[in-house]
Amino acid sequence: MTLNAELSRRIYTDMWRIRLFEEEALRQTSLGSVKGTLHTYCGEEAIAVAVCAHLRDDDYVLGTHRSHGHCLAKGAPMDRMMAELFGRATGSCRAKGGSMHIADFSRNILGANGIVAGGIGPGTGTALASRIRKSDQVSVVFFGDGAAARGPFHEGLLFGSLWKLPVIYVCENNGYQQWVPRKNVAVVDSVADMAASYAIPGVSVDGQDLEAVYEAAGEAVARARNGEGPTLIEARTYRFYGHSLGDMEEYRSREEVDDWRENRDPIKLFSAWMKERQWLGDDEDEAIQGEVAAEVSRSVAYAEESPLPEPEDVLTDVLDTEWRVSA
Amino acid sequence: MRTIALRDALREALHEEMARDESVFVIGEDVIAHGGPYTVTQGIVDKWPDRIFETPIAEAGIVGLGVGAALAGMRPVVEIMYVDFITCAMDEVVNQAAKMRYMTGGQASVPIVIRLPCGPARLVAAQHSQIMESWFMHVPGLQVAAPSTPYDAKGLMKTAIRSPDPVAFFEYKALYVSEGEVPEEDYVIPFGKADIKREGEDATVVAIGGMVPRALEAGVALEDEGYDIEVVDPRTLAPLDMETICESVRRTGRAVVCEMDSSFAGTGAEIAAALAEQCFHDLRAPIVRVGSPHVPMPFAEELVNVTVPDSAAVCDAVRKVMA
């Protein structure tokens, strides 16, 4: 599907949903309501929304420790996500996962993942399942550039290519592996170049440019659905906030961050792109942001009104204790 | 009843479960060629060529794909050629398979069976002879099976495949060719049900996996000395049937716990500690553990023989608790 006005507005709305959800979560952290740490996706929104715009409800998505964006873009309910961050019993994972493990199996969001590259093998495995069942579902695995250093990245791509599985590997290269610039620890600049070793297409795109990501993802999803195998997409992007909460950000300059925020903000860029085409007016833009802000407020109210987990909940969900074997 | 080898019982379980449920599939190294080094997956490719996947030597990928396929509703049976190699896929086992149900608040089910051929067999030294059951027992969310007979192997494998949660399935390589009676009809053995392999009155010998036949040999040898031992095989280590073990120890008043692996922080340590907590006042002698010294598996046969406990070591332990 080509980007039209209606789809663009939906995508644009989703970018704001991610941005405002996370900024509210950060605020709630400072108020003490959101517990634990947060790895925010702010600055990278174009990637999740552009990729997920090509997906059906039954397609699989696996994420990273920085996956609020992937979950929202694939349709996870915001109120339950906020409740999870608040540690409430109504949360996406009933307060057992937190920010790094949000999942919604009813929408085939098979989970954020706290292990770098942890989703690549399982994501490829979901594609193997689709192959065995002869379904035309595709799987998308999101990961950061740090994942490309780990064995499971290489093994996952090898399997995906060997069996031509319907999987799209989306590397969000934000230039930093926690606090270390990629250039200090990587031997090839572009993760997309690593696709050559596995005989699959590797595409590098500007991750701030929604249209570019949308087109690359469209081709990759079509290839996968047609049985032509995996694609590795590298989307060059940037983290507006630190790696996680409490990051002193001594490894990058204020000027660098300001430059990206001012000139390379994917939301600003896409807003301008739509306005050039007369697909978005200033009033509409304001209305979208207002609606999203209201949705975020409702999610906070939902979280605040939700009960805390009960102490006995700690012992459930380890195994399916209801299950009994029978001959 | 007919008699077959343990590896044939496992193969039969796989074939029956694959015929029964089309979501079951096999993935691993060399699983098509010769049916794997142990022939357990033989014949599957002829019947279900689209449900057996022979892989590159990439254990993290193999288990990782298995976890994903399981999350998507399939029932993968993964073969890791030697349990030693599972260390290359520990993230996939521990952080992905085992924790997924809990982390997602009960949304995820990971019905994966990871077959782990283990223990000393030929002289293949430290990186091809480990056992490692206790590593997996320690991880919440994993089930651990360790059959000692062909009958148990088939029944436990069928349960493992049908289970909605991950199973680390230990296959003692030295027992693959040991024979026993196995029914041809469908049967399953529930997890967490120990089996009394020999009844006796004087002492309870809890034996795990490859130690079960050695404990039974010890039982025969000790008859001459007038000792009548009971041999309890837990069959699954997680869940662990302490009820049956405790019931036996309360009757005999004496306990020996045997494993092939290093005793230090091992399976026997958990069982002995639980016995001390639950049966202290029934014990007429201190619990004795039998296991390997805390060393990697050596190469030379003379060294292996003094590492892995044999039936004589079980006899010595029984004499100690009887003294």
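Chain identifiers are assigned alphabetically (A, B, ...) following the order of the sequence lines, protein sequences preceding nucleic acid strands; residue numbering begins at 1 within each chain.
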Any non-hydrogen side-chain atom of [X] less than 4.5 Å from a side-chain atom of [Y]?
X      : Y      : answer
A:V318 : B:D165 : no
A:V325 : B:F191 : no
B:V188 : A:S326 : no
A:K134 : B:D50  : yes

Exercise for the section: Determine, stepwise, if the pair B:M74 / A:I132 fulfils side-chain contact (heavy atoms from CB on, under 4.5 Å). Expected result: CA-CA 9 Å; B:M74 302 299 290; A:I132 299 171; 3.5 Å; yes

Examine whether an atom of [X] lies under 4.5 Å from a heavy atom of chain B, and if so say whether it belongs to the side chain, the backbone or both; otherwise answer neither.
X      : answer
A:R131 : neither
A:Y60  : side chain
A:S130 : neither
A:L319 : both
A:I102 : neither

Handout entry: B:E185 versus chain A, the contacting section by heavy-atom distance below 4.5 Å
Key =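 The answer is neither part of B:E185.
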
Problem - Engaged part of B:R162 at the chain A interface, taking heavy atoms whose separation is under 4.5 Å - result: both

Exercise for the section: Tell me the residues of residues 102-117 of chain B whose non-hydrogen atoms fall below 4.5 Å from those of chain A, in number order. Expected result: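 Near chain A, by residue number: B:Y102, B:M103, B:T104, B:G105, B:G106, B:Q107, B:A108.
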
